[in-house]
Protein chains: 2
Amino acid sequence: MANTIESHCLHCMQRSDIFTKLAEGELAQVNACRVSIRYHAGEVVFKQGSPCHDFVCITSGMLKLYREDENDKRIIIGFAKPVDYIFVPGAFTDKRHHFSAIACEETTACLVGIEVFEKLLRDNHDFAAAFMAKISEQSIRFIEQMSSLVQKQMPGRMADVLIELSKGVYNSNPFVSSLSRQDLADMSGMTKESAIRILKTFRDDELIRTEGDTIEILNYPMLERISRNG
Amino acid sequence: MANTIESHCLHCMQRSDIFTKLAEGELAQVNACRVSIRYHAGEVVFKQGSPCHDFVCITSGMLKLYREDENDKRIIIGFAKPVDYIFVPGAFTDKRHHFSAIACEETTACLVGIEVFEKLLRDNHDFAAAFMAKISEQSIRFIEQMSSLVQKQMPGRMADVLIELSKGVYNSNPFVSSLSRQDLADMSGMTKESAIRILKTFRDDELIRTEGDTIEILNYPMLERISRNG
DNA sequence: GCTATTTGATGATATAAATCATGTAAAAGC
DNA sequence: GCTTTTACATGATTTATATCATCAAATAGC
């Protein structure tokens with residue numbers, strides 16, 4: 001079930017800003033406890049409602065994080081990519097997962113027990129401060145997403161999503177994405193048909209170009225204006 | 001401008017779960033730095049976009065926290081009531097406020113500089129752990145609010161709001177609220193007229209009773225069912 | 001390589017919610 | 001106490017978006 005992917009955390013986690021705060025001894029502690037697992041695209045890493053024992057650190061690939069409701073509707077609330085861990089609020093509250101995580105593509109992740117993480121937070125002030133910064137950034141993203149969902153109409157919401165994918169997730173323009181139209185719809189709080197229609201009007205207006213899995217933003221200023229005004 | 005409300009933090013903050021983690025010496029440190037201020041209903045405590053220097057601890061009254069957009073639309077993302085502090089993510093990121101806070105009614109609050117708070121977090125593990133739990137609860141509420149806003153229709157959203165006010169804000173049924181119809185609309189992502197209409201159908205269906213500022217939930221199980229199913 | 005399934009796309013129609021206009025009641029101000 | 005302003009409420013209409021049906025293209029499975 002579990003394949004050892006990285007030989008040692010020291011070699012791997014140097015690339016993550018938060019883990020650079022850890023000393024070699026601390027990294028060794030994490031390395032000793034982690035379980036490294038490979039997930040195929042479509043596989044669930046953790047399920048909303050299930051018990052929450054571990055922190056998940058992504059070493060390759062990408063996960064999408066989403067909330068499901070009683071009627072099988074989903075909203076995507078974020079992504080996790082290398083090298084980063086997923087902040088799971090249930091770790092500090094009721095020990096339950098409040099959203100699910102699925103691999104978008106072939107993904108490898110290391111699972112680290114919550115208590116190991118808690119010890120690092122207790123003992124390493126720099127690590128704790130960087131962790132607090134990350135949590136705060138996520139809170140801000142949640143607030144911005146709520147604002148987008150409620151205060152903007154569909155073009156504004158889709159503009160938000162495309163800008164966030166380009167600037168915040170793939171860090172590139174154009175970008176190649178494994179996300180389906182349903183995924184884009186789930187990020188922007190609309191149905192798949194509506195998402196497809198908005199993308200078509202963006203292409204017709206020469207704001208973007210799509211070609212297979214590639215999306216290119218052709219007119220950033222105009223897209224940002226649509227984003228601002230809804 | 002500033003009136004000293006409480007004589008000492010020791011006498012005041014004993015009532016807050018997180019501040020009970022502080023020793024007398026730590027409370028004295030906070031007491032020495034705090035500025036206590038009274039706000040009238042409608043006054044702004046801090047404004048979205050403004051620089052973020054302080055943590056705000058409410059000692060009486062209530063604040064509503066909301067996000068504004070370019071078109072003056074608002075969404076209420078939470079409340080702050082005694083005795084509690086407001087988690088402001090900007091304190092740990094860009095030193096800017098990402099939402100505004102206004103007094104709903106006559107409110108008193110103590111402002112404590114961020115660096116004082118950061119020192120407490122660094123030196124007191126129990127305090128830091130309790131703080132982390134609070135932040136995590138807020139994250140969960142944000143996720144639940146997003147789910148409500150996107151995945152439910154108006155009756156489900158209003159049911160969510162009424163249940164949250166009864167269970168989570170006022171801790172009582174019936175409850176007396178200073179919130180306007182516009183506030184209820186801003187919490188549930190609908191216009192004021194739509195909010196008024198949904199409340200009327202709830203009254204007609206004998207789910208709730210409203211009388212002036214008082215709202216009573218008459219049929220909790222049915223309201224919870226509407227909440228679940230949207 | 002062929003078949004079945006899924007995804008992307010389009011068009012027509014229905015529904016949910018917003019907007020606009022107006023009136024009444026309550027609260028605020030003088 | 002009276003007048004003005006604001007909040008609550010209602011009705012009609014418009015707009016935004018979802019839903020449903022269908023087809024073509026791409027992908028998955030055998």
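Below, each value reflects all heavy atoms present in this structure, side chains not excepted, and no hydrogens, waters or symmetry copies. All chains are named by letter (A, B, ...) in the order of the sequence lines, taking the proteins before the strands, and each is independently numbered beginning at 1. Keep in mind it's a predicted model, so treat the numbers as computed, not measured.
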Contact list for [range], test ring pair (Phe, Tyr, Trp, His ring centres under 6.0 Å), sequence neighbours left out:
| range | answer |
| --- | --- |
| residues 171-193 of chain A | Y170(A)-F175(A) |
| residues 47-80 of chain A | F55(A)-F117(A) |
| residues 176-209 of chain B | none |

Can you measure [X] atom [atom1] to [N] atom [atom2] for me and round it to whole angstrom units?
| X | N | atom1 | atom2 | answer |
| --- | --- | --- | --- | --- |
| D183(A) | dT6(C) | CG | P | 16 Å |
| M154(B) | dT15(C) | CE | C1' | 11 Å |
| M158(B) | dA16(C) | CE | C1' | 15 Å |

Report, one pair per line, the protein and nucleotides 24-30 of chain C atoms (nitrogen or oxygen only) whose separation is under 3.5 Å.
none

Notebook entry, point to check: What are the 5'-most and 3'-most nucleotides of DNA chain D lying under 4.0 Å from any heavy atom of chain B?
Noted result: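 Both ends considered, the range comes out as dC8(D) to dA12(D).
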
Item checked: Residue among E68(A), K47(A), R67(A) satisfying side chain to side chain donor-acceptor pair (under 3.5 Å) with S100(A) ->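 Result: among E68(A), K47(A), R67(A), E68(A) is the only option passing the side chain to side chain donor-acceptor pair (under 3.5 Å) with S100(A).
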
Item checked: Under the side chain to side chain donor-acceptor pair (under 3.5 Å) test, residues paired with T214(A) that sit two or more places apart ->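 T214(A): no side chain to side chain donor-acceptor pair (under 3.5 Å) contacts found.
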
Check: Quick one: side chain to side chain donor-acceptor pair (under 3.5 Å) partners of Q151(A), sequence neighbours excluded?
Finding: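 Applying side chain to side chain donor-acceptor pair (under 3.5 Å) to Q151(A) gives S147(A).
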
Check: Just to confirm, is there a sub-4.0 Å distance from OP1 or OP2 of dA18(C) to any side-chain nitrogen or oxygen of S194(B)?
Finding: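 Answer yes for this pair, as a side-chain N or O of S194(B) is under 4.0 Å from OP1 or OP2.
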
Pick out the pairs of N or O atoms, protein on one side and nucleotides 7-11 of chain C on the other, that lie under 3.5 Å.
residue : atom : partner : partner atom : Å
dG8(C)  : OP1  : R181(A) : N            : 3.4
dG8(C)  : OP2  : R181(A) : N            : 3.1
dA9(C)  : OP2  : R181(A) : NE           : 3.0
dG11(C) : N7   : R197(A) : NH1          : 3.0
dG11(C) : O6   : R197(A) : NH2          : 2.9

Notebook entry, point to check: Got a sec, which residues hit side chain to side chain contact (heavy atoms under 4.5 Å, CB included) with R181(A), two or more places apart in sequence or on another chain?
Noted result: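 Scan of R181(A) (side chain to side chain contact (heavy atoms under 4.5 Å, CB included), adjacent residues dropped) gives L184(A), K192(A), I196(A), L199(A), T210(A).
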
Item checked: Set of ring pair (Phe, Tyr, Trp, His ring centres under 6.0 Å) partners for H98(B), sequence neighbours left out ->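 Partners of H98(B) by the ring pair (Phe, Tyr, Trp, His ring centres under 6.0 Å) criterion come out as none, since no residue qualifies.
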
Item checked: Non-hydrogen atoms of T59(B) and C110(B) that approach each other most closely ->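 Smallest interatomic distance, heavy atoms only, reads CG2-SG, 4.0 Å.
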
Checklist line | Residue pairs fulfilling side chain to side chain donor-acceptor pair (under 3.5 Å) with at least one residue in residues 217-230 of chain B, sequence neighbours excluded | finding: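 Sorted result for residues 217-230 of chain B: D160(B)-S227(B), S166(B)-Y220(B), K167(B)-E224(B).
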
Check: Using a distance-only test with no angle check, is there a side-chain donor-acceptor pair under 3.5 angstrom linking S60(A) and T108(A)?
Finding: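 Yes.
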
Check: Regarding T191(A) and S194(A), is there a side-chain donor-to-acceptor distance under 3.5 Å anywhere?
Finding: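 T191(A) vs S194(A): donor-acceptor pair found between side chains.
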
Next item on the list: Compute the bend angle of the helix from dG1(C)-dC30(D) to dC30(C)-dG1(D) from the end axes (five pairs per end), rounded to 10°.
Entry: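 For the helix from dG1(C)-dC30(D) to dC30(C)-dG1(D), the axes at opposite ends meet at about 60°.
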
Check: Can we say D186(B) and K64(B) salt-bridge, meaning some charged N sits less than 4.0 Å from an Asp/Glu carboxylate O?
Finding: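 No salt bridge links D186(B) with K64(B).
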
